[in-house]
Amino acid sequence: MTIPFNHKAIEKKWRENWKKKPINVYDEKKQKYYCLDMFPYPSSNGLHVGHWRGYVISDVWSRYKLMQGHYVIHPMGWDAFGLPAENYAIKMGVHPVKSTSENIANIKRQINDIGALYDWNMEVNTSDPQFYKWTQWIFIQMFRKGLAYEKEFPINWCPSCKTGLANEEIVHGRCERCGAEVTKKNLRQWMLKITKYADRLLGDLDKLDWPEKVKKMQKDWIGKSYGMEIDFLIKGKNERITVYTTRVETLYGVTFLVISPEHTLAAKLATKENREAVEKYILDVSMKSNVDRLQAKKKTGVFTGNYAIHPLNQKEIPIWLSDYVLADHGTGVIMCVPAHDDRDFEFAKKFNLPIIPVIAEDGEKNESMTKAYTDVSGIMINSGEWNGKKLSVLKQEAPMIIEKRGFGRKMVNYKLRDWVFSRQRYWGEPIPIIHCPHCGNVSVPEEELPLILPKIENYHPTETGESPIANIDEWVKCKCPICSSEAKRETNTMPQWAGSSWYFLRYVDNHNDVEFVSRKKVNQYLPVDMYIGGVEHAVLHLLYSRFYTKFLYDIGVIDFDEPFQRLFNQGMITGENDIKMSKTTGNMVSPDDLVRDYGCDSLRMYELFIGPPEVDVEWNERGIDGVSRFIKRFWKLAMDSKDVNVLPTSEMIKIRHHLIHDITCRMEKFSLNTVISTFMKYNNKLINLSKKTKGIDRGTIEIFTKLLAPFVPHVAEEIWEQYGNTETVFHEKWPKYSEEIMKDDTVRIPVQINGKTKAVISIENNISKDDALAQGRNAIAEHLTGNVVKEIYVSGKIVNFVMR
RNA sequence: GCGGCUAUGGCGAAAUUGGCAGACGCGACGGGUUUAGGUCCCGUUGGGGAACCAUGCAGGUUCAAAUCCUGUUAGCCGCACCA
């Protein structure tokens with residue numbers, strides 16, 4: 001009699017059992033393994049099948065590690081502060097405190113449907129005062145070390161979200177969250193000196209087992225360049241102007257300098273005759289939005305009326321202003337070599353400036369240029385004493401020559417900017433700083449933390465560039481902790497990324513109220529061994545977390561300086577026609593109905609079977625019947641075989657070991673979709689065999705069940721118990737295979753003529769080349785009619801005859 | 001504009017990393033069980049009568065190429081005046 005398969009009853013039973021008796025508990029004898037998910041922000045009304053997939057991937061991996069004998073740290077929490085959560089609350093017209101907790105409850109229910117291993121005792125919520133107390137504490141440590149500082153300058157401003165943004169939050173000149181065009185606004189801001197860590201953030205990427213793509217994105221974002229600063233004297237004045245360049249070898253080709261309109265020297269450099277035009281240009285540029293400035297294809301500019309003196313040939317070089325030069329990179333001034341730079345070329349053409357080629361491919365002069373020659377090879381021309389040198393040689397020598405002559409020095413530059421850290425919004429951690437008229441900026445005393453976000457009714461963002469909490473007098477007014485005079489609190493809040501920059505540390509000691517995390521625990525359980533999430537955080541959260549970790553390492557509170565050893569980016573699940581799933585497009589597929597109809601185990605398996613875990617896939621439900629059938633078929637095989645007591649044949653034992661081998665290899669490659677194909681293949685094989693033998697031996701079924709357990713934990717537990725086991729299957733060791741047992745005496749190899757297969761033969765493993773060729777020849781004798789010029793045998797692989 | 005990734009049946013995809021292309025699944029077709037439908041079970045399923053032809057397209061290297069090289073097209077992603 002076959003025991004019928006009832007996924008609902010099985011799931012319910014095992015959820016309760018695991019709750020009563022957790023299967024993943026701390027054991028000092030076990031090695032730790034920290035498998036982390038990117039935690040969700042509770043901004044919408046639920047998860048879709050794409051989020052679910054990421055959590056299934058991490059759960060399968062966690063359970064696999066558990067069975068390999070690790071104590072697995074697999075926590076979950078809520079990225080509850082910040083713009084996404086607040087914008088959702090505003091849209092729904094509820095207070096973020098309320099919407100956040102409601103959303104968390106709903107998402108938690110959905111996550112529980114995964115049947116995952118999460119240890120909810122470790123749960124964190126970034127908007128919980130007991131958590132953000134320590135987010136504030138870290139800020140104070142940065143403030144003390146001079147890494148958090150205040151500055152007023154034109155920052156990126158989202159007019160829709162009504163807040164300043166970090167560079168990382170701007171995509172194509174638009175707000176990363178809402179898509180509005182970002183403008184500039186002069187605001188007093190809190191900044192974090194992430195640039196101090198630029199070099200380490202770059203260099204330490206080499207230590208990480210991360211996708212190359214993400215490493216490259218971070219590398220490009222940090223944007224280190226090696227160049228020189230070169231001084232030019234200004235004609236008629238006893239002043240110099242300094243440019244930054246990475247192409248010093250083209251120095252003789254300089255025909256003009258361009259200074260950024262935002263540069264402090266820009267207005268000063270204008271001569272009397274040019275003052276009006278220069279001031280107008282500076283004003284015009286300041287009115288342009290980021291998007292305008294990016295999309296402006298045509299070069300604009302204005303002549304200052306002043307000239308610089310070329311340091312090598314003393315020629316007069318006109319100094320121009322143009323917005324294609326950025327004020328905050330290098331020195332904000334560039335030397336222009338129109339013959340060898342596309343942008344300079346375009347500018348020179350537009351304003352009729354001279355173009356002097358200094359590199360020629362063949363060393364010949366070619367005066368009529370239609371575009372810049374930007375190749376990095378060639379021979380120098382028009383370059384005085386440098387004429388005839390190879391470009392590659394001069395590139396090495398020029399910096400030394402210039403340094404010796406004293407008008408330039410080697411310099412390194414980065415694209416990375418300091419992190420604009422304050423937001424003019426309500427739903428975030430208050431920045432724990434007090435502005436005292438006598439003492440300046442003073443941090444809130446640590447014993448007063450957490451500095452609680454005041455509960456207010458009108459939390460909507462203001463137009464003024466001030467946070468809504470600036471309106472609460474009783475909160476803003478305070479005493480200076482140093483001199484006790486009347487002072488004011490900082491009213492800006494921290495960005496959404498503040499909590500997520502360190503939350504993974506807090507999980508392992510989430511109730512600690514004397515330290516942000518105990519030193520013992522954090523060093524015992526971290527760094528994270530495997531971090532799973534989408535690629536969208538490549539330069540946001542992942543860069544910020546690395547910065548925080550390095551800072552905490554530097555102040556001596558943790559012993560590691562990289563947070564995430566291995567990173568895995570799961571592919572996105574899109575809706576029909578590859579459109580991103582979202583509430584607004586109305587194409588969200590919720591896992592809820594599928595869990596109800598097919599069961600959690602089937603959906604888990606299907607979400608993995610749909611495609612390689614790292615590749616984006618368009619959602620469809622066509623294949624879910626396939627995995628559902630597979631589970632039922634294996635269930636039936638196991639139940640039918642249970643009381644038959646079939647003895648394992650040597651053939652069966654060999655199959656077992658091949659199964660273990662094939663599954664384990666694919667697990668190690670993280671090829672979860674083909675792990676499932678392999679299960680299906682072997683299931684078919686066993687079902688066919690069982691027709692002859694009237695069942696499958698217990699050992700084989702048990703091994704199959706163990707291998708299957710990380711994927712379909714509920715069904716696996718039930719089968720395991722049906723087989724008379726009283727302990728959870730997850731306390732079993734991941735099965736091992738033996739190469740010795742797997743070995744076959746014979747191997748089937750193709751026999752080819754000119755690379756085309758004509759037959760397949762079975763040959764003995766250790767056969768000699770001559771014997772193999774002889775057997776091959778026999779097998780395809782009728783095709784061997786021509787002149788065989790070459791015979792190839794690759795042991796265990798192939799026989800090939802080359803015929804003319 | 002610069003850089004990266006991808007391209008394989010009707011569909012999702014495999015291919016031990018240069019060695020039998022299309023595993024596994026969906027769908028479709030045929031058959032069986034069932035009063036019937038569903039479930040379930042068993043076949044067939046890249047094209048072509050065949051030799052053969054097929055991994056976006058065109059070349060190349062090799063005894064042998066989906067895999068390596070060169071060029072090219074399309075799609076996606078990242079950066080976007082960073083000097």
Side-chain angles (χ1 to χ4, degrees), chain A residues 171-173 211-214 216-217 220-221 223-225 227-228 243-248 250 257-258 260 293-297 299 322-326 328-337 340-344 346-347 374 413-417 535-536 538-539 572 574 578 606 609-612 614-630 632-633 636 661-662 665-666 669 671 673-684 687 691 748-760 788-794 796-803:
Chain A
V171 182
H172 304 301
E212 286 307 316
K213 182 186 168 176
V214 176
K216 187 166 186 313
M217 280 167 75
D220 290 349
W221 191 261
K224 186 174 188 176
S225 69
M228 286 197 90
V243 306
Y244 174 71
T245 183
T246 55
R247 299 286 309 269
V248 272
T250 62
L257 304 189
V258 173
S260 162
R293 198 162 164 172
L294 283 176
Q295 284 172 346
K297 286 276 186 295
K299 294 272 180 289
S322 175
D323 67 352
Y324 83 93
V325 177
L326 304 174
D328 55 358
H329 190 264
T331 60
V333 189
I334 61 169
M335 59 174 226
C336 297
V337 186
H340 305 293
D341 182 280
D342 292 325
R343 299 151 300 183
D344 297 348
E346 193 192 333
F347 195 83
T374 53
N413 255 291
Y414 298 92
K415 279 162 74 172
L416 185 71
R417 297 293 126 82
V535 76
E536 65 273 17
V539 288
M572 196 174 40
T574 56
D578 278 332
Y606 180 57
F609 188 58
I610 193 166
E614 69 280 6
V615 171
D616 293 350
V617 280
E618 199 179 302
W619 179 257
N620 71 76
E621 278 159 38
R622 287 193 294 275
I624 192 164
D625 285 318
V627 290
S628 184
R629 269 172 214 152
F630 158 73
K632 280 186 242 170
R633 275 154 56 89
K636 186 167 182 300
H661 170 266
D662 290 1
C665 288
R666 285 168 171 79
K669 277 165 52 191
S671 177
N673 55 324
T674 63
V675 170
I676 294 170
S677 304
T678 305
F679 278 133
M680 289 172 166
K681 192 170 102 184
Y682 277 91
N683 191 39
N684 291 342
I687 287 170
K691 280 174 194 155
R748 288 167 60 80
I749 63 166
V751 182
Q752 300 182 331
I753 292 178
N754 298 339
K756 301 259 184 278
T757 302
K758 297 293 172 191
V760 178
V788 175
V789 282
K790 200 169 176 185
E791 298 174 326
I792 291 151
Y793 171 62
V794 180
K797 296 271 187 190
I798 205 144
V799 173
N800 193 12
F801 297 102
V802 184
M803 232 163 64

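Numbered from 1 within each chain, the chains take letters A, B, ... in sequence-line order.
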G-U wobble or Watson-Crick pairing nucleotide for [N] (cut-off 3.5 Å, both distances):
N	result
B:G37	none
B:U44	B:A28
B:A54	none
B:A65	none
B:C79	B:G1

Side chain proximity check, [X] to [Y], heavy atoms < 4.5 angstrom:
X	Y	result
A:D328	A:R417	yes
A:P750	A:I798	yes
A:D662	A:Y682	yes
A:V243	A:V333	yes
A:V751	A:F801	yes

> Which comes earlier along RNA chain B counting from the 5' end, the contact point of A:D344 or that of A:V535, where each point is its nearest nucleotide?
Replying inline: A:V535
> What is the nucleic acid contact for A:R666, judged by heavy atoms within less than 4.0 Å: base, sugar-phosphate only, or nothing?
Replying inline: nothing
> Under 4.0 angstrom, heavy atoms only, what part of the nucleic acid is A:V617 near: base, sugar-phosphate, or nothing?
Replying inline: sugar-phosphate
[X] [atom1] to [N] [atom2]: how many Å, rounded?
X	N	atom1	atom2	value
A:I753	B:A64	CD1	P	14 Å
A:K691	B:C40	NZ	C1'	12 Å
A:Y606	B:A13	OH	C1'	11 Å
A:K756	B:A54	NZ	P	8 Å
A:D616	B:G75	CG	P	17 Å
A:H172	B:A80	NE2	P	8 Å
A:E618	B:C76	CD	P	13 Å
A:L326	B:C81	CG	P	6 Å

>> Generate the contact string for nucleotides 16-27 of chain B. Rules: B means base contact, S means sugar-phosphate contact only, - means no protein heavy atom under 4.0 Å.
In response: ---BB--BBSSS
>> Using the side-chain heavy atoms of A:K213, tell me which of these nucleotides is nearest: B:C77, B:C63, B:A80.
In response: B:C77
>> If you only use heavy atoms from C-beta on, which nucleotide in B:C81, B:C79, B:A83 is closest to the side chain of A:K299?
In response: B:C81
> Sequence neighbours excluded, which residues qualify as side-chain contact (heavy atoms from CB on, under 4.5 Å) partners of A:V171?
Replying inline: A:E176
> Under the 3.5 angstrom rule, does the side chain of A:N800 hit a backbone N or O of A:G755 as a donor-acceptor pair?
Replying inline: yes
> Glycosidic conformation of B:U17, syn or anti, with 90° from 0 as the boundary?
Replying inline: syn
>> Is B:G9 syn or anti, taking syn as a glycosidic angle within 90° of 0?
In response: syn
Expressed as a whole number of Å, how far does the [atom1] atom of [N] sit from that of [M]?
N	M	atom1	answer
B:A23	B:A15	P	13 Å
B:A28	B:C57	P	29 Å
B:C20	B:A58	P	23 Å
B:A13	B:A36	P	39 Å
B:A80	B:C24	C1'	43 Å
B:U35	B:G25	C1'	33 Å
B:G27	B:G71	P	44 Å
B:U8	B:A66	P	15 Å

> Do the side-chain N or O atoms of A:K216 get closer than 4.0 angstrom to the phosphate oxygens (OP1, OP2) of B:G4?
Replying inline: no
>> Measuring to OP1 and OP2 of B:C52, would you say a side-chain N or O of A:K758 lies under 4.0 angstrom away?
In response: yes
> So which of A:V258, A:D344, A:T250 actually passes side-chain contact (heavy atoms from CB on, under 4.5 Å) with A:M335?
Replying inline: A:T250
>> For A:Y324 and A:E346: C-alpha separation, side-chain torsions, deciding distance, then whether side-chain contact (heavy atoms from CB on, under 4.5 Å) applies.
In response: CA-CA 11 Å; A:Y324 83 93; A:E346 193 192 333; over 6 Å; no
